[in-house]
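Have a look at the structure below before the remarks.
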Amino acid sequence: MSRQLHIVGAGLAGLSAALRGLEAGYTVSLYEASGQAGGRCRSYTDTTLGITLDNGNHLLLSGNRETLAYLERIGAQDTLTGPERACFPFLDLASGESWSLQPGYLMPWSAARRAPGTSAADYLPWRLLTAGPEAIVADCLPPGTALERVWRPLLVSALNTPLEQASARLAGRLLRETLLRGETACRPLVARDSLGASFVDPALAVLEKAGATVRFHERLTGLDVTTERIDYLSFGDRRVMLAADDAIILALPAEPASAFLGLDMPLDHQPIVNGHFRIDTDGLPGGEAFLGLVGGTAEWLFHRHGLISTTTSAATVLAERPAGEIAALLWQDITRTLALPADHALPPYRIVKEKRATLAQTSAMALLRHGAETRWKNLALAGDWTDTGLPCTIESAVRSGRLAVEALS
């Protein structure tokens, strides 16, 4: 009889751990507190807009090798779309200038591949790549055009933390896996239909076919942490007893995991605000699948299936404003971007505030991140917040699932 692996949390980290657990020979049981899998990478039907929405917009890169391998495992490798070459279009809403960042095979970049007003040397951020554990991004990048047109848009969205607070070491690790590996690692990718259709539904189908058990509306309420091994899991009035060879992966957000286990790490969070606007996108000017914006409230704009969506990261101030005010600000950016008439009526919209989108990825957080292993012999941790070597991203979440299963072997 195979060993049982109990995974608490069915976000991407939990789904990744479940797939890896099956490959390692476990019988897998997956428990999720809510009524659906995916965590912050979920999709749902919005009744106001009458369309499937993603909880947030996610831009992947072809250098996200663990994520692409995850999609291949679940047969969803063809559900992402993006340009054939590494190309990031941008628009400066203040000046009207537009450009495309196009990472080349080798550094430095030619003038045609970089932002106006920047030099090839601006794309060699050596201080980020050699930063110490306490360094912050803003101290490693000189002020000027490159900071505002290149590094701030890219790194704030990747770290979801103001550059004046963000860990330089995490930023450097991210660049080593993407930008510094050249064009083949920098091609942008987005879910063609929805996050659920790419990352969640196919994974659940694979797990079901393999005989894994997935239980929804199962909220962990307790576990025995007084001995060397975890002997049981409590879900309300129901207790799951563990056999001697059974193992557990807690794939929970940082705060509940820390509360259950008494972990000592910073738990400050940063919000992300997404705006979704239902509008006919056929024939609109500026019809990039995605577009980086400088000088506005929105930082990224996405087109898909009659929907225009925006994303603003590290949005502490914005998230405190009423949804109607946020929608008006974002709609101003959209009308300017798409050259719509200034009096174009505000269409039906949905503002999504993910106030605890990720941990604040400061140097203190990076120093105190917890690895997959724990002091309990049969318990490991997974989640984008664990020490995967990367910022809290989809790639980090997927990687953490593998690391958790490996920690139990």
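Bear in mind that the values here come from a model prediction, so they are computed numbers and not experimental data.
Taking 4.5 Å as the limit, every side-chain heavy atom of Phe90 sits out of range of all side-chain heavy atoms of Leu293. Counting heavy atoms from C-beta on, the side chains of Leu242 and His6 come closer than 4.5 Å. Two residues are said to be in side-chain contact when any heavy atoms from C-beta on lie closer than 4.5 Å; Leu147 and Pro142 fail this criterion. Put simply, the side chain of Arg176 reaches to within 4.5 Å of the side chain of Leu129, judged on heavy atoms. Side-chain contact check for Leu159 versus Leu170: some heavy-atom pair is nearer than 4.5 Å. For the pair Ser396 and Thr393, the minimum side-chain heavy-atom distance is below 4.5 Å. Considering only heavy atoms from C-beta on, Asn274 stays 4.5 Å or farther from Thr310 through its side chain. Using a 4.5 Å heavy-atom threshold, the side chains of Leu59 and Leu189 count as separate.
Closest non-hydrogen pair, Ile248 versus Leu5, comes out as N-CD1, 4.2 Å. Across every non-hydrogen atom of Val405 and Ala17, the tightest pair is CG2-O, 3.5 Å. The two residues Leu68 and Ser62 come nearest to each other via the heavy atoms CD1-O, 3.5 Å. Contact detail for Cys392 and Thr358: the closest heavy-atom pair is O-CG2, 3.8 Å. In this structure, Leu390 and Arg369 approach most closely via the heavy-atom pair O-NH1, 2.7 Å. Of all non-hydrogen atoms in Gly275 and Leu330, the two that sit nearest each other are CA-CD1, 3.9 Å.
Salt bridge absent: Arg229 and Asp224 never bring a charged side-chain N and a carboxylate O closer than 4.0 Å. A salt bridge links Glu23 with Arg73: the closest approach of a Lys/Arg side-chain nitrogen to an acidic carboxylate oxygen falls below 4.0 angstrom. A salt bridge does not link Arg114 with Asp122: every distance from a Lys NZ or Arg NE/NH1/NH2 to an Asp or Glu carboxylate oxygen is 4.0 Å or more.
Under the 3.5 Å distance criterion, the side-chain polar atoms of Asp246 are matched with a main-chain donor or acceptor of Gln4. Tyr70 contributes a side-chain N or O that, together with a main-chain N or O of Phe199, makes up a donor-acceptor pair within less than 3.5 Å. Within the 3.5 Å criterion, the main-chain N or O of Ala407 finds no donor-acceptor partner in the side chain of Glu373. For the pair Thr386 (side chain) and Ala382 (backbone), a donor-acceptor distance under 3.5 Å is absent. In this structure, the side chain of Thr221 engages the main chain of Ser234 through a donor-acceptor pair within 3.5 Å. Of the possible polar contacts, none joining the Arg169 side chain to the Ser363 backbone as a donor-acceptor pair under 3.5 Å is found. In this structure, Asn378 contributes its side chain and Ile230 its backbone to a donor-acceptor pair below 3.5 Å. Remark: the backbone N or O of Ile136 is not paired with any side-chain donor or acceptor of Asp139 at under 3.5 angstrom. Between the side chain of Ser100 and the backbone N or O of Gln102 there is no donor-acceptor pair closer than 3.5 Å. Without hydrogens or angle criteria, Ser400 side chain to Gly383 main chain gives a donor-acceptor distance under 3.5 Å.
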Quiz item: How far apart are the C-alpha atoms of His276 and Asn57, what are their side-chain angles, what is the distance that settles it, and do they pass the side chain to side chain contact (heavy atoms under 4.5 Å, CB included) test?
Solution: CA-CA 10 Å; His276 303 285; Asn57 300 305; 4.2 Å; yes

Quiz item: Given the rule in the side chain to side chain contact (heavy atoms under 4.5 Å, CB included) test, do Glu134 and Leu367 qualify, once you have shown the distances and angles that lead to the verdict?
Solution: CA-CA 8 Å; Glu134 297 183 358; Leu367 283 167; 4.0 Å; yes

Quiz item: salt bridge (Lys or Arg N to Asp or Glu O under 4.0 Å) between Glu97 and Arg149: does it pass, once the steps are laid out?
Solution: CA-CA 11 Å; Glu97 289 183 277; Arg149 288 189 165 182; 2.6 Å; yes

Quiz item: When you look at Met265 and Ser258, which way does the side chain to side chain contact (heavy atoms under 4.5 Å, CB included) test go after all the steps?
Solution: CA-CA 8 Å; Met265 60 178 292; Ser258 296; 4.0 Å; yes

Practice problem: Carefully, step by step, assess Arg20 and Glu406 under the rule salt bridge (Lys or Arg N to Asp or Glu O under 4.0 Å). | Solution: CA-CA 9 Å; Arg20 292 286 189 168; Glu406 290 176 355; 5.5 Å; no

Exercise. Decide yes or no on ring pair (Phe, Tyr, Trp, His ring centres under 6.0 Å) for Trp385 and His370, but give the supporting numbers first.
Key: CA-CA 8 Å; Trp385 57 274; His370 204 288; 7.5 Å; no

Practice problem: Take Thr79 and Asp193 through the test side chain to side chain contact (heavy atoms under 4.5 Å, CB included) and record every step on the way to the result. | Solution: CA-CA 7 Å; Thr79 66; Asp193 298 315; 5.9 Å; no

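Arg278 contributes atom CZ, which lies 7.0 Å from atom CG of Leu49 (distance to the nearest 0.5 angstrom). Atom CG of Asp343 is separated from atom OG1 of Thr335 by 10.0 Å, given to the nearest 0.5 angstrom. From Leu301, atom CG reaches atom OG of Ser309 across 8.0 Å, with rounding to the nearest 0.5 Å. In this structure, OG1 in Thr161 is found 9.0 Å from CG in Leu359, a value given to the nearest 0.5 Å. Atoms CG and CG, from Leu174 and Leu155 in turn, are 7.0 Å apart once rounded to the nearest 0.5 Å. Of the inter-residue distances, the one linking Leu19 atom CG with Ile74 atom CD1 reads 7.0 Å to the nearest 0.5 angstrom.
Annotation: Arg65, atom CZ; neighbour count of heavy atoms from other residues, nucleotides and ligands within 6.0 Å does not exceed 12. For Lys355, the NZ atom is densely surrounded, since the number of other residues' heavy atoms within 6.0 Å is greater than 12. Residue Glu164 qualifies as enclosed at atom CD: its count of foreign heavy atoms under 6.0 Å is above 12. The 12-atom threshold is not exceeded at CZ of Arg85, counting heavy atoms of other residues, nucleotides or ligands nearer than 6.0 Å. Enclosure of atom CD in Glu208 is not indicated, since only 12 or fewer non-hydrogen atoms of other residues, nucleotides or ligands lie within 6.0 angstrom.
At a cut-off of 3.5 Å, with distance as the only test, no side-chain donor of Tyr44 or Thr52 sits close to an acceptor on the other residue. Using modelled atom types and a 3.5 Å distance limit, the side chains of Thr388 and Arg399 yield no donor-acceptor pair. Residues Asn160 and Gln361 bring no donor and acceptor atom of their side chains to less than 3.5 Å of each other. Side-chain contact, Glu32 with Ser34: a donor N or O sits under 3.5 Å from an acceptor N or O. Neither side chain, Glu299 nor Thr311, offers a donor N or O lying under 3.5 Å from an acceptor on the other.
In this pair, Tyr31 and Phe235 present their aromatic rings parallel. The plane angle is below 30°, not in the 30 to 60° band. Note on ring orientation: taking the six-membered ring where Trp is involved, the planes of Tyr349 and Phe277 are tilted (angle from 30° to 60°).
For the pair Arg3 and Tyr26, the distance from NZ or CZ to the six-membered ring centre is under 6.0 Å and the angle to the ring normal is within 45 degrees.
No close placement of the Trp300 and Phe88 rings is indicated, their centers lying 6.0 Å or farther apart.
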